[in-house]
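Below is one structure, written out as structure tokens, with a few remarks after it.
When a residue number appears, it is its place in the shown sequence, counting from 1.
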Amino acid sequence: MASDGGFGNITQNVTAPIDDSRPAPLRVLLPHMLAAALTQAVYFGIAVMMPLLARKRFDADNWQTVLVTAIMPTLMVLSVFWGDFLRRVRLRRYLAIHWAIAAVPLAAAGFAESFWSLLFWYGIACVGSAGWSPVAGELLKGFYGDAKRGRAFGLVNTAMFISWTCITLGIGYALDVNENAYRVYLPLAAGLYGLGILLLRSLVLTTNLQAKRNLELKEPFQFRRFVEPVLHMKEILRTDRLFASYEIAFMTYGIGFMICNALLPVMATDKFDMNYTDFAQSTQAIYPLCMLLMTYPMGRVMDRLGPAKTSCLSFAWLAAYPIALLIATTVFGVGVATAIYGAAMAGVHIGWMLGPVTFARTPERVGQYVAIHTTLVGLRGVFAQGLGMLIYVLTGHFGWPFGLASLAFAFASWQMWRLSERMKTELPTPGL
């Protein structure tokens, strides 16, 4: 989820010079941390439980389950368009529109009576969720100077990861007590998200952030600029061979990631007969905690080795995840597999965000490179999730798709290792 679910575009709109002497007072940091808990933690808690809700409460079949798991990463391609929209409206208005599209449909989903009704409202919410990454980068740029932004981002993520774990466990418990609990927690989530947005809107005022971007607001709409990151994707990948190789390796990794993502809810119900609490504890709550614990160590690895070698190590580590799922015989065994997964994904998350920054070479090109990176997430989400489910349906066994996933992780690791060797001579300033 973390690496292919809404963090990748964090570098967009963060390239303007910043006064490092500015303080990062607690009156900014603490509300920002609380806003992260009320928005992204709430959203991820709902998203990771949505496939099991669809499967157990709405009797979703295998292919319907794929639709639920694939819709969010697929719609990440829309962050390109949200990013352009952000340049043309005031921040406070953008935040309000983002809430209306990303959160209000969740409240409507609380009244769903069928799978297709649930998917419809959740799909609209996913359209809105694609707009989070561009504004998250804008807020980080405005709230903190360069020398403090990394630490602030780490603390904001800490609040988000801890809250995500607690919310996921709470949703699982609530659904086991009453399978119609979604009628309460989905509208509640929309309200909490709104409170987080109000906090961010308040911070925009107190930091005078809007005044710093008035010139951008005067730029007229240009359709060419609106779609330029997509139209020029082929050209950039053709001319920047190192970046193209990085994206190919991430596409290979994405096959393994999306196969596991699509089949995990199916395995949880068909093989382990998990209830909601079991699923939350063994597959979703452990994941953000392990990411939290490993983010700082993997950040140190990134500083020393750069994005390609960091991703190489993380992909190799991930190859053990689908194998651990296959050999698990209990819910506890699935939890162990998830711990392996979360720890490895900490490195992937960092490589996912910072790799495009490295290859962009100049600040002016960062947004375009990240847009390409995000677009390709959507493409592999459509292809690989369906591929994994097709193999499972045809064979009737988890071994074949999970075996393919493990091979994809291992092959992606080898691709990154080869790229890291090329970067020694072909990239003037490897790493960050």
Side-chain angles (χ1 to χ4, degrees), residues 1 4-6 37-79 82 95-133 160 163-164 166-198 261-262 264-266 268-269 275-277 279-280 283-284 378 381 385:
M1 182 84 195
D4 279 287
L38 292 172
T39 54
Q40 291 309 282
V42 169
Y43 215 93
F44 288 136
I46 287 174
V48 296
M49 294 298 292
M50 191 65 73
L52 204 69
L53 174 66
R55 198 163 179 84
K56 293 177 72 70
R57 173 61 178 80
F58 293 95
D59 298 319
D61 60 27
N62 290 337
W63 291 108
Q64 289 173 330
T65 303
V66 169
L67 290 176
V68 176
T69 57
I71 194 167
M72 179 177 284
T74 299
L75 291 175
M76 282 179 65
V77 298
L78 298 179
S79 65
W82 277 101
L95 287 167
I97 294 172
H98 166 72
W99 171 77
I101 301 177
V104 173
L106 293 178
F111 298 93
E113 296 288 351
S114 67
F115 167 81
W116 295 109
S117 176
L118 180 75
L119 183 68
F120 174 78
W121 291 114
Y122 180 54
I124 295 178
C126 289
V127 170
S129 73
W132 172 257
S133 293
M160 192 272 290
S163 302
W164 177 2
C166 295
I167 290 166
T168 303
L169 291 173
I171 291 175
Y173 176 76
L175 287 171
D176 276 331
V177 172
N178 185 340
E179 65 176 5
N180 289 319
Y182 72 96
R183 299 191 185 281
V184 175
Y185 75 71
L186 286 176
L188 177 62
L192 293 175
Y193 204 102
L195 290 177
I197 293 297
L198 287 176
N261 191 46
L264 185 60
V266 179
T269 53
N275 58 28
Y276 292 103
T277 301
F279 185 74
T283 69
Q284 304 304 332
Q385 293 217 15

Subject >> Main-chain N/O of Ala190 paired with Trp99 side-chain donor or acceptor, under 3.5 Å >> reply: yes

Original post:
Any side-chain heavy-atom pair from Leu52 and Arg57 closer than 4.5 angstrom?
Top reply: no

Subject >> Separation between OH of Tyr122 and CG of Leu67, rounded to the nearest 0.5 Å >> reply: 12.0 Å

Original post:
Heavy-atom distance under 4.5 Å between the side chains of Thr39 and Trp132, does that happen here?
Top reply: yes

Original post:
Taking side chain as C-beta onward, heavy atoms only, is Asp59 less than 4.5 Å from Phe115?
Top reply: no

**OP:** Determine the minimum heavy-atom distance between Ala47 and Met72, stating which atoms define it.
**Re:** CB-CE, 3.9 Å

**OP:** Begin with the C-alpha distance, continue with both residues' side-chain angles, and end with the deciding distance and a verdict on side chain to side chain contact (heavy atoms under 4.5 Å, CB included) for Leu118 and Met50.
**Re:** CA-CA 9 Å; Leu118 180 75; Met50 191 65 73; 3.9 Å; yes

**OP:** Spell out, as yes or no, whether a donor-acceptor pair under 3.5 Å connects the side chain of Trp82 to the backbone of Val127.
**Re:** yes

Subject >> Main-chain N/O of Cys126 paired to Ser129 side chain as donor or acceptor, under 3.5 Å >> reply: yes

Original post:
Can you find a pair of side-chain heavy atoms, one from Phe44 and one from Met160, that are under 4.5 Å apart?
Top reply: yes

Subject >> Residue pair Gln284 / Leu264, side-chain heavy-atom distance below 4.5 Å >> reply: yes

**OP:** Please report the shortest heavy-atom distance between Ala189 and Ile46, naming the atom on each side.
**Re:** CB-CD1, 3.1 Å

Original post:
Can any side-chain N or O of Asp176 pair as donor or acceptor with the backbone N or O of Tyr276 at less than 3.5 Å?
Top reply: yes

Original post:
If we only count heavy atoms from C-beta on, is the Gln385 to Pro73 side-chain gap below 4.5 Å?
Top reply: yes

Original post:
Yes or no on side chain to side chain contact (heavy atoms under 4.5 Å, CB included) for Val48 and Trp164, after CA distance, side-chain angles and deciding distance?
Top reply: CA-CA 10 Å; Val48 296; Trp164 177 2; 4.0 Å; yes

Original post:
Would you say Thr269's side chain and Val266's backbone share a donor-acceptor pair under 3.5 angstrom?
Top reply: yes

Original post:
Which atom pair, heavy atoms only, marks the closest approach of Pro105 to Ile124?
Top reply: CG-CG2, 3.5 Å

Original post:
Relative to the ring of Tyr43, is the ring of Tyr193 parallel (under 30°), tilted (30 to 60°) or perpendicular (over 60°)?
Top reply: perpendicular

**OP:** Give a yes or no answer on whether the side chain of Ser117 reaches the backbone of Ser114 with a donor-acceptor pair at less than 3.5 Å.
**Re:** no

Original post:
Can you name the closest pair of heavy atoms from Ala262 and Thr65 and give their distance?
Top reply: O-CG2, 4.4 Å

Original post:
Can Thr168 and Phe279 be said to form a side chain to side chain contact (heavy atoms under 4.5 Å, CB included), step by step?
Top reply: CA-CA 10 Å; Thr168 303; Phe279 185 74; over 6 Å; no

**OP:** Give the minimum heavy-atom separation between Ile71 and Val68, together with the two atoms involved.
**Re:** CG2-O, 3.5 Å

Original post:
Below 6.0 angstrom between ring centroids: does that apply to Phe58 and Tyr182?
Top reply: yes

**OP:** Before giving the answer on side chain to side chain contact (heavy atoms under 4.5 Å, CB included), spell out for Asn62 and Arg55 the whole-Å C-alpha distance, their side-chain angles and the decisive distance to 0.1 Å.
**Re:** CA-CA 8 Å; Asn62 290 337; Arg55 198 163 179 84; 2.9 Å; yes

Subject >> Ser163 versus Ala37, closest heavy-atom pair with distance >> reply: OG-CB, 3.2 Å

Subject >> Sub-4.5 Å side-chain heavy-atom contact between Leu106 and Trp121 >> reply: no

Original post:
In a check of side-chain contact (heavy atoms from CB on, under 4.5 Å) between Met49 and each of Ile167, Thr283, Ile171, which one passes?
Top reply: Ile171

Original post:
Would a distance-only check, ignoring hydrogens and angles, find a side-chain to backbone donor-acceptor pair under 3.5 Å from His98 to Gly128?
Top reply: yes

